[in-house]
Amino acid sequence: MISGKETGTGGAPGRERNVQARLAGRLAAELRHYADLALFADVQPTRWTDALLAETRFHLAGTMNAIEMAIRLEVSAGDIEVRLVALPQPWSSPALERQIELLTPELIAYYRLRGAASAVQRGRADLAVASEGAALLAESGEGLFGQALAALSLAEQRWAGPMLFDAPLRPDLPAEIFCDLAWTVAALLIRGLAETSQASDRDPTQAVAEAAERVIARHDEGGSPFALARRCARALSSEERLRIVPPVLRECRLLLFCALVEAETALPMETVLGALVDGDDAERHAVMKLMGLDEALAVQLFEMLSPLTGGPAGQDAALVRFVERYRHVDLKQAEAWLEQMLVPAALAAKLSIIDPAA
Amino acid sequence: MTTPGAAPLTALLDRDGNILRADDALMTLQIEAGGQADGSIAIPALAALVRLALRLGAPLSRPVELAREGADISLWAQLQPEGDRLLLTLRDWQERKPRQPMSRAATLQGQAGEHSSPGWAWEVDDQMRFCNLSLSAARIGHAVPENGETFTAFFALIDSGQGHGVSTQRAMPMIEALVRHMNFEGQLAQLRGEGGLRYILSGTALFDSAGTFSGYRGRAVRADLSHAAPSAPPPPPVSPAAVEARENPAPLPEKSKAAFIGEALSRRIDTALRQPISRIIANAGTIETRTIGPLRQDYANYAGDIAAAGRHLLALVDDLADLQAVEGPDFLTTSEDVDLSEIARRAAGLLNIRAEARRITIQAPRTDERVIAHADYRRVLQILVNLVGNAVRHSPEQSTIWIRLDEVDGRARVIVADQGGGVHPDDHDRIFDRFERLGNTDGDGSGLGLYISRKLARAMGGDVTVESALGQGARFILDLPGWTAHRNQVG
């Protein structure tokens, strides 16, 4: 009402103030978002090792390509289908590179963790592991765990397969991420069709949106390696979980290890993975200590993570320094760290806003 | 309510999330949460999932935690849209008792064979006054602080100009951490009484359930003992001179200076060399594995060569940093009675996974064996990691590496023997030269490891030698002063 009055009496000045306020708000939001994007664009090389960046980009492009294929197949309007065929495929992942601001911070954060798990997985492919998961099955038997482990192994193999930028990668994503990406792909397809449309062509928005809705409704987030790793961990008792930690680490199964930590500590596995990849040595030590890793296993995990953390691996002195520091980590400190991490995220976020050092 | 069996629990919800029907166990949870039998889901974690599924229009399948009196429940929840309705299925019901951190920690410690932490524990409140102390003077060897006594009345914090550990750049890690309510380590402090004993303090910030800072809990470790191996077995009788040395430790500045040079150089190397080289390796590796696109085989091979050369350079950079410290004019090693058997088992343990990957067996000394040497625990470990690591690198698959102990004429020895290609007698001295790799051009190793190991051994009054012939494996011998010889010498 106030703005109406202002419009009526003052006219332009009132509208101008509103426009300015909206612009200022939008500018602030965009600045914040571009700061997040700057991280993704490798401004901080220590945080984004090249291995991690390459994996992240591959997973993003691959899952987009797969979603795009699914949406194209779901479009039922004949004329739109014909126009989509004329659009180069894949369209959305190259188009995203020209409009990277479409990526939300949540999406980037998720793909970063996924890329980290995948990079370790790829490193594992070089290992002389005698038989896939055999040690794990021997430790814990089959049953529910065996079924979940088999499904996880298959999903992990997809991640470690040959990677081409234009190839589709099964979009085994959490529902929120899948929806975000599906609507991003849909938007890019609609814009792409608009760029090549004739004056007589009808608006493709409704047809593409309906197709995207059908794709979203069919999505099963339970098939993602994150979910499958959780199922593996849940299928075991606490004693069994602690017993299989050594073979899990010897087989470089980072996701499964994080799921075991989640089951033991109630700390979400994404948070655990974040602490291992993005945290400092103190956080990594805390996770290791909470799982009761001995020095040899701690070294194994330390070396497994080095492509992501940029830490030295394989050198005598560095290895000794690491184990000496780990040896002096107090379990009470690890427990205290865990307690802090279990503080509700909303509270932690508020505290960090009030006091950046908190 | 009892725990349901293995059968899944189900509920059917309308498009607004209201319950149309639900299994009894699920309905009980709903009532416990204050909800109505035909109202919307009131169990917070499930309500959030239902809202998410309705918002996204997508099926969900993920774990949820429900808080109940006595125990939390962990379930696997699936939400599947069915026309205008939503089918909620809960399976894999698991009760999780409330966490009891310390009792669980004790269990894990036992399983991990954890060593007890060095030093003694302290705790202060948000006013930095000691609280919850249960110390005895007999245990820590001097007067204990009183509950309520101010921290700075007991300890005088020292501006070291250079701390230890993670917070190396901070002169007063505790003060800086206190301002930010963060953790700290490496704070040098001195007792106000008791002859000015020096401690290295570390602490973890404590917060109450509302997230408010409530003090610190930490450990105080004697500065003169902070390097000692807490897991070492009880040492044999120690000479009065050694007691004197521990009571009146060697002046810290000399050691600190050496450590400072090493750490400062290491930091500079890290930023100036290690990071760029790591990037070269990562990029070359990406190209080699064709991660981001197809590439001709010969170009991929070139990238592989670049990555291998980069890894070699990285190893060299790390060894050079160590070499700089070892060859410094004021390089000192500490001396204490150490059990070579325990260090050998530790080195074997650290490298066991690497050996297993090539199906190599490492036979470490038995736990009942014990050979005491007078040496620097950390440096002996570094030497043995080098010797055993070399043996793993040069041994054929499915072979064995033996680590044996020996005592001869007051000397303590560790022998690392492998079944590798061996070393020609003409090369026995040459392999300890700097950058000597005996024609090994595979990019593995910098050619400094054995040189550094021998330097370290000699700094401790010992040596590293080799006995070998081509084709007959190699025996590397670390020789150190035994504790009896040391006792005779100082006695």
Side-chain angles (χ1 to χ4, degrees), chain A residues 45-46 49-51 54 57-58 122 127-128 162-165 175-176 178-179 213 216-217 219-222 227 230 234 242 250 266 280-282 290 292-296 299-300 307 310 312 314-320 323-325 327-328 330-333 335-336 340 343 347 351 357-358, chain B residues 56-63 65 76 78 81 92 94 99 101-102 105 108-109 111-115 117-118 165-166 180-183 204 206-207 211 217 219 274-275 278-279 282-283 285-286 290-294 315 318-319 322 346 349-350 352-353 357-358 378 381-382 385-386 389 449:
Chain A
T46 52
T49 65
D50 291 315
R57 282 179 175 146
F58 168 72
R122 200 167 297 282
L127 286 179
M163 298 197 298
L164 299 172
F165 190 76
E176 300 93 321
F178 185 88
C179 286
E213 275 178 354
I216 288 170
H219 177 64
D220 174 18
E221 67 169 6
R230 281 191 165 104
R234 293 176 61 84
L242 291 172
R250 277 198 292 271
D280 54 21
D281 269 354
L290 286 167
L293 301 195
D294 63 18
E295 289 171 356
V299 165
Q300 167 77 2
Q315 276 86 51
D316 308 330
L319 193 146
V320 170
V323 294
E324 284 300 299
R325 283 202 303 269
R327 184 179 205 186
H328 287 93
D330 188 4
L331 189 61
K332 284 183 185 171
Q333 288 177 333
E335 290 282 3
Q340 285 183 40
V343 166
L347 173 61
L351 286 172
Chain B
L56 297 178
L60 298 177
S61 177
R62 56 183 66 180
E65 300 270 339
W76 194 273
Q78 283 177 294
D92 194 13
Q94 295 179 8
R99 291 190 78 245
M102 287 308 120
L108 281 175
Q109 276 203 324
Q111 286 166 343
E114 186 59 53
H115 310 298
S117 297
V166 174
R180 297 171 174 81
H181 295 167
M182 294 176 76
N183 301 347
T204 304
L206 303 175
F207 299 89
R217 186 181 296 138
R219 294 198 79 77
R274 192 178 284 128
Q275 288 176 14
S278 297
R279 286 171 62 77
N283 278 323
T286 303
R290 299 178 173 88
T291 297
I292 50 178
D318 284 317
D319 282 347
D322 215 33
R346 198 163 165 219
L350 292 176
N352 220 12
I353 295 174
R358 301 187 56 226
R378 185 167 163 261
L381 180 62
Q382 181 175 344
V385 164
N386 174 247

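Chain letters run A, B, ... following the sequence lines, proteins first, then strands; residues in each count from 1. Just so it is clear, the values below take in all heavy atoms, side chains as well, and ignore hydrogens, waters and symmetry mates.
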**Q** Please flag which part of A/E213 lies under 4.5 Å from any non-hydrogen atom of chain B: side chain, backbone, both or neither.
**A**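 It is neither, since no heavy atom gets under 4.5 Å.
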
**Q** Report the distance from atom CZ of B/R219 to atom NZ of A/K332, rounding to the nearest 0.5 Å.
**A**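 Between B/R219 CZ and A/K332 NZ, I get 6.5 Å after rounding to 0.5 Å.
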
**Q** Looking at every non-hydrogen atom in both residues, tell me the closest pair between B/A58 and A/C179 and how far apart they are.
**A**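 Scanning both residues, the minimum pair turns out to be CB-SG, 4.1 Å.
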
**Q** For a quick test of reading the model, state the closest non-hydrogen atom pair linking B/R62 to A/A175 and the distance between them.
**A**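 Scanning both residues completely, I find the closest heavy atoms to be NH2-N, 3.8 Å.
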
**Q** Any salt bridge linking A/E335 with B/R217? Criterion: basic side-chain nitrogen under 4.0 Å from a carboxylate oxygen.
**A**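 Result for this pair is no, no salt bridge flagged.
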
**Q** Between NE2 of A/H219 and CG of B/L60, what distance do you get to the nearest 0.5 Å?
**A**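 Those atoms lie 9.0 Å apart.
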
**Q** State whether A/E324 and B/R378 are salt-bridged, where the test is any N-O pair (Lys NZ or Arg NE/NH1/NH2 against Asp/Glu carboxylate O) under 4.0 Å.
**A**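 Salt bridge absent between A/E324 and B/R378.
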
**Q** Please rank B/P63, B/P81, B/G389 by heavy-atom pairs under 4.5 Å with chain A and give me the top one.
**A**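 Maximum pair count with chain A is reached by B/P63.
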
**Q** Report yes if the side chains of A/R327 and B/R346 come closer than 4.5 Å at any heavy-atom pair, otherwise no.
**A**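 Yes - at least one pair of side-chain heavy atoms lies under 4.5 Å apart.
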
**Q** Check whether any side-chain N or O of A/R234 sits under 3.5 Å from a backbone N or O of B/D92 as a donor-acceptor pair, and report yes or no.
**A**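 The answer is yes, because a donor-acceptor pair under 3.5 Å joins these two groups.
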
**Q** Is B/L350 in contact with chain A via its backbone, its side chain, both, or neither, using a 4.5 Å heavy-atom distance?
**A**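 Contact with chain A involves both backbone and side-chain atoms of B/L350.
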
**Q** Taking the side chain as every heavy atom from C-beta outward, state whether B/P59 and A/D220 have any atom pair closer than 4.5 Å.
**A**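 Not in contact.
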
**Q** Using non-hydrogen atoms only, which part of A/V323 is less than 4.5 Å away from chain B: side chain, backbone, both, or neither?
**A**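 Answer is both: backbone and side chain atoms of A/V323 are under 4.5 Å from chain B.
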
**Q** Nearest 0.5 Å, what's the CG-CD distance between B/N352 and A/Q300?
**A**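 Going from CG on B/N352 over to CD on A/Q300, the span is 11.0 Å.
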
